[in-house]
Amino acid sequence: MNLFADIRALVLTNLAAMVEAGELPADLATQNVTVEPPRDAAHGDMATNAAMVLAKPAKMKPRDIAEVLAKRLAEDDRITSAEVAGPGFLNLRLAPVVWQGVVGAVLEAGTDFGRSDLGAGKKVNVEYVSANPTGPLHVGHTRGAVFGDALASLLDFSGHDVTREYYINDGGAQVDVLARSVYLRYLEAHGQEVAFEDGTYPGDYLIGVGEQLKAKVGDALVGKGEQFWLAEVREFATDAMMDLIRDDLSALGVKMDVFYSEKSLYGTGRIEAALDDLRSKGLIYEGVLEPPKGKKPEGWEPREQTLFKSTDHGDDVDRPVMKSDGAWTYFAPDIAYHYDKIQRGFDALIDVLGADHGGYVKRMKAAVSALSDGKVPLDIKLTQLVKLFKDGQEFKMSKRAGTFVTLRDVVDEVGPGVTRFMMLTRKNDAMFDFDLDAALEQSKENPVFYVQYAHARVTSVLRKANEAGVAVDHATLAGADLSKLDHEAELALAAKLAEWPRLVETAARTNEPHRVAFYLYDLAGVFHGLWNRGNELPELRFLQDDTATSQAKIALARASAVVIAAGLGILGVEPAEELR
RNA sequence: GGACCAUUAGCUCAGCUGGAUAGAGCGCUGCCCUCCGAAGGCAGAGGCCAGAGGUUCGAAUCCUCUAUGGUCCGCCA
């Protein structure tokens, strides 16, 4: 149920009736007609721009159209008043029974309230995290993980068939570096003195891996040349790193459907197949790139390479897929990987990447556009940097990794729920200063607490009602006489709940899960507002002398908790039953 | 030199893809807690939506240019 969609349908029906009655010309385009909550509540419950949108094509004055439409709409039981305002807005006030009905609908649907079929079962692949398997996840990955996971849940909630996927970059030079680093730790485990030079990973997290390797192979690899051990150690080390990463993800509550290995693209003809596809479209050629202007890279010299003609699909320059020495660039397996996603039948692809991959967006979109003949849209969401603050200072050091703050550091500080919620209190493409102390504070300043507190208050009301002998089981509340909810403050809370389905659709359409977090904060604010007014107006308290009245009010509270739980569910946060 | 992102109240940020008098939290000012639902509440001040053009009934939102900040730009992934 989506109240705004219902009322919009009502508006469209009446517009059609006006055409029928000769009050409007036929064949008017109505797709721009909207029904939305007005910014200023004084304007009413809902507003439609229908008259203004149609005025020009109908060659009529907006206010004239609005007058007629108002008269017709007012005949519907759900509408108590329809007033023309401003340049031609039509402000609608809805009957209390409509808002009361929202409460009933929430209780009936439970946390499925707001689920929509917007996605129509479309298969969407959301790729996120995809950190190199060379160490533990750090803060930047954490933001990507939270964002991607919440986005996936949001799309699922809005009717998409979602696959959560992690691309393991286990095919490039960085895993050789990893293997060499682990080998050094392995020698160390055998009591040798080793030096970590530039180009190796010195982090402590590899010590254990070196010891495990020793436990597995003994001294079989000691003193051998790289050609004897590189492949074996590489596999051992990347497996160990992926275990580490999986543990990190699960500490955050992220669960992937698919882990896709880059390595599996090599030697299997899949890269070649993807490039053949592009070649057959005339998009692969041998050529020489111009040097970047302004700044001349040192030692730049013109070189012939195999290039993808990405400029045909909106990129600024063509991109190399093969280096001059005949090896693939990193771009080639990425093309093959996305080719594979397309062949797996996804209707839409989403990549969640760190902002440092910004330069990569156009070429990847170009590749997907070319490979799918423009049929599969690829949306790339970039997550900006996160700066952590603790005790008023930037929080930089990690006990584990030595050089960067890990996901574990953050989760250990504030817990997975707070981490997830806080990471979504900012748009993905805005930088984020994350204050760890503020995230644990119990005040209105802290959005996580504020939302959780609202949920906990409802739990507390239910408990108190039980103690007072008022039945508040699900069936009783669902059958409560909601017409007793007649105060403006109560109806306002119900109206806020009515926005939830609409918000889900907007957030899903824009791939912006942060909107859910902001909505929850808003909703909690309205709930707390009602609660607080109970201080001065005893009739607004949830527990009343009259059982039926209590049950109606508690139904409203319960409905609020249900929507909060649904929203937190999308964000991957457990709702709190009580706060201590 | 170019690409992408950002720029909204003193500070940190939203702004529902073009709607009415631009919102929230913090901070600031004033009022309110013997007790009954104050881990607070109510009210107020505070804005050239970075700047300049354009598009139209209507722009913080779309287009162009400029400024500032960030990220990136073959032989790393």
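So that the names make sense, note that chain A is the first sequence line, chain B the second, and so on, each numbered from 1. Worth saying up front: this structure is predicted, and the values here are computed from it rather than measured. What's counted below: heavy atoms across the whole structure, side chains too, no hydrogens, waters or symmetry copies.
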Quiz item: Hey, is the side chain of K362(A) poking within less than 4.0 Å of OP1 or OP2 on rA3(B), counting only N and O atoms?
Solution: no
Quiz prompt | Pair assignment for rC16(B), Watson-Crick or G-U wobble, requiring both distances under 3.5 Å | solution = none
Quiz item: Is the phosphate of rC57(B), meaning OP1 or OP2, less than 4.0 Å from a side-chain N or O of K61(A)?
Solution: no
Self-check item: Nearest-angstrom distance, P atom, rG53(B) to rU12(B)
Solution: 28 Å
Quiz item: Using a cut-off of 4.0 Å on non-hydrogen atoms, how would the nucleic acid contact of D435(A) be classed: base, sugar-phosphate, or nothing?
Solution: nothing
Exercise. Quick one: look up who rC26(B) pairs with, Watson-Crick or G-U, both distances under 3.5 Å, and put none if it's unpaired.
Key: rG10(B)
Quiz item: Which is true for F89(A) with a 4.0 Å heavy-atom rule: it touches a base, it touches only sugar-phosphate, or it touches nothing?
Solution: base
Quiz item: Which way is the base of rU21(B) turned, syn or anti, if we draw the line at 90° from 0?
Solution: anti
Self-check item: Any N/O donor-acceptor pair, D334(A) side-chain to rA77(B) base, under 3.5 Å
Solution: no
Quiz item: Between rA52(B) and rU8(B), how far is it from one P atom to the other, in whole Å?
Solution: 15 Å
Quiz item: Within the pair R426(A) and rC13(B), is there a side-chain N or O less than 4.0 Å away from OP1 or OP2?
Solution: yes
Quiz item: For E505(A), which contact category applies under a 4.0 Å heavy-atom criterion: base, sugar-phosphate, or nothing?
Solution: nothing
Quiz item: So which nucleotide does rA38(B) pair with, by the Watson-Crick or G-U wobble rule with both distances under 3.5 Å?
Solution: none
Quiz item: Quick one: the side chain of Y453(A) and the base of rA39(B), do they pair up donor-acceptor inside 3.5 Å?
Solution: yes
Quiz item: If only side-chain N and O atoms of H357(A) are considered, is one of them under 4.0 Å from the OP1 or OP2 phosphate oxygen of rC5(B)?
Solution: no
Quiz item: So what does R533(A) hit on the nucleic acid, given a heavy-atom distance under 4.0 Å: a base, only sugar-phosphate, or nothing?
Solution: nothing
Quiz prompt | Between F147(A) and Y128(A), ring centroids under 6.0 Å | solution = no
